[in-house]
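Okay, so here's the structure we're looking at.
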Amino acid sequence: MRLCFILDANMVLYCCAFNCKEKYVKGGPYTFHGFSKGETRRKEWCRLLRNY
């Protein structure tokens with residue numbers, strides 16, 4: 001399984017969408033969220049990202 005996001009101390013730092021270069025900036029215009037901890041849902045989200 002490939003990683004779909006990059007974490008640092010449980011905080012998402014980079015976007016995992018194809019060709020997106022956004023990264024976390026405190027007070028920035030974007031919010032970043034981690035994937036589900038549930039294995040089944042997480043795998044489904046990763047699969048859907050590859051199809052995007």
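This structure is a prediction, so every number in the text was calculated from the model and none was measured.
Hydrophobic clustering, with ILVMFWY side chains joined whenever heavy atoms are under 4.5 angstrom apart, keeps Tyr30 apart from Val25.
Smallest separation of non-hydrogen atoms from Phe35 and Cys46: CE1-SG, 3.9 Å. Nearest heavy atoms, Arg42 versus Lys37: NH1-O, 3.1 Å.
Among residues two or more places apart in sequence or in another chain, the side chain to side chain donor-acceptor pair (under 3.5 Å) test is passed with Glu22 by none. Residues passing the side chain to side chain donor-acceptor pair (under 3.5 Å) test with Thr40: none are found, sequence neighbours excluded.
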